[in-house]
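Reviewing the structure listed below.
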There are 2 protein chains.
Amino acid sequence: MEREENTVFSIDYKSRIPLYQQIVDNVEKLTLRGILLPEQQLPSVRALAMELSINPNTIAKAYAELEARGLIYSLPGRGSFVSGDQADLRNAAREQLREQMHSLRKEAQSMGFSDPELDELWQSCREEAKA
Amino acid sequence: MEREENTVFSIDYKSRIPLYQQIVDNVEKLTLRGILLPEQQLPSVRALAMELSINPNTIAKAYAELEARGLIYSLPGRGSFVSGDQADLRNAAREQLREQMHSLRKEAQSMGFSDPELDELWQSCREEAKA
DNA sequence: CATAGTGTACTATGCTTACTAATACAGCTA
DNA sequence: TAGCTGTATTAGTAAGCATAGTACACTATG
């Protein structure tokens, strides 16, 4: 009489965000926050599919993207596991954030906003984002 | 022998960005930078469609979105014109930027990044975005 | 009044892409 | 052998984009 409550994953079936993307985001955040530890085995494609009541292919697609990003690695016949170096994962995420900030700045500049103006906006978001 | 070079618009037909979206972006930047002035008349739906060799419906869709955002207003039988208050347009753009910054911060926080860490990243983008 | 130009609305079609599903295949391990 | 893994292939569904054609109502011009 086991209760498999592996549900650390929060999925919104009514969201416009694709299911596989939500899986990816979940795993990414869980690894970066240290909830999922290096070398830890992830739920199998079929098991997680059953648990979340979605198609195994959707999980497989999510795992494939996670593997492409280097966050996990998969061994056919064995399973899928969190990648080893947590510091590397964090650095990769940092670079990704930098890219997004860079794009935002560049677009803002093309609209004629100055650097000090943007910095002020950035700071004004600081307290607001606590919620 | 007139040469109608109204082409302040830069359109990339091979881009994945929808044509109508490129029109919107063009008008937005041109108004915010003061190239297009308040009350100035925009090229007609059909004229711009001819000039850019795209369908009039695509231009109409772009103008409709621009009107919904309040950047322009259209008078059936007259034409389409840049909205009056440039300061308002700029403030609207500012708020939109704030929204994007807010989202970025919130997502970064959910990945376990601290405020000082994010500020440092933000500053590091400052010189990089000059190009 | 007639004409031409304006924005707008509507339907239909082709095309591409993204997402999800169904099925089958191949490897590992007890 | 049996049952679990990940993976590959194919197909169906939906949505977005652009085009085309047609029609309507309004406005300015002559």
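Note on naming: letters A, B, ... go to the chains in the order of the sequence lines (proteins, then strands), and numbering restarts at 1 for each one. Just so you know, these numbers use all the heavy atoms, side chains as well, and skip hydrogens, waters and symmetry mates.
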For the pair [X] (side chain) and [Y] (backbone), establish whether a donor and an acceptor sit closer than 3.5 Å, ignoring hydrogens and angles.
| X | Y | value |
| --- | --- | --- |
| A:Q86 | A:T31 | yes |
| B:Q100 | A:L104 | no |
| A:R94 | B:E117 | no |
| A:R126 | B:R105 | no |

To the nearest angstrom, how far is [X] atom [atom1] from [N] atom [atom2]?
| X | N | atom1 | atom2 | value |
| --- | --- | --- | --- | --- |
| B:I59 | C:dG5 | CD1 | C1' | 17 Å |
| B:Y13 | D:dT19 | OH | P | 9 Å |
| A:K14 | D:dA14 | NZ | P | 20 Å |
| B:Q22 | D:dA18 | CD | C1' | 13 Å |
| B:E65 | C:dG7 | CD | C1' | 17 Å |
| A:Y73 | D:dT5 | OH | P | 16 Å |
| A:I23 | C:dT20 | CD1 | C1' | 13 Å |
| A:N55 | D:dA11 | CG | C1' | 12 Å |

Any side-chain heavy-atom pair from [X] and [Y] closer than 4.5 angstrom?
| X | Y | result |
| --- | --- | --- |
| B:I17 | B:D12 | no |
| B:Y20 | B:I54 | no |
| A:R90 | B:M111 | no |

Taking only residues two or more places apart in sequence, or in another chain, which ones meet B:L42 in a side-chain contact (heavy atoms from CB on, under 4.5 Å)? B:L36, B:Y63, B:I72, B:S80, B:V82
Cluster membership besides A:F81, Ile/Leu/Val/Met/Phe/Trp/Tyr side chains within less than 4.5 angstrom, sorted by chain and number, is A:Y73, A:L75
For the student: nearest non-hydrogen atoms of B:L118 and B:A108, plus distance: CD2-CB, 3.6 Å
What are the two closest heavy atoms between B:A62 and B:V24, and how far apart are they? O-CG2, 3.7 Å
Between the first and last five pairs of the helix from C:dC1-D:dG30 to C:dA30-D:dT1, the angle of the axes, rounded to 10 degrees: 10°
Assert: residue with more 5' nearest nucleotide on DNA chain C, out of A:R78 and A:P18, is A:P18
On DNA chain D, compare the nucleotides closest to B:L19 and A:P56; which residue's is nearer the 5' end? A:P56
Look at A:Y20 and C:dC19 and indicate whether a side-chain polar atom (N or O) is within less than 4.0 Å of OP1 or OP2. yes
Does B:K61 have a side-chain nitrogen or oxygen under 4.0 Å from the phosphate oxygens OP1 or OP2 of D:dC17? yes
Polar atom pairs between nucleotides 8-16 of chain C and protein, under 3.5 Å, N or O only, would you list them?
| unit_1 | atom_1 | unit_2 | atom_2 | d |
| --- | --- | --- | --- | --- |
| C:dT8 | OP1 | B:E67 | OE1 | 3.3 |

Please list all pairs passing the salt bridge (charged side-chain N to carboxylate O under 4.0 Å, His left out) test where one or both residues lie in residues 19-47 of chain A, with sequence neighbours left out. A:E28-A:R69
Pairs: protein N or O with nucleotides 2-4 of chain D N or O, under 3.5 Å:
none

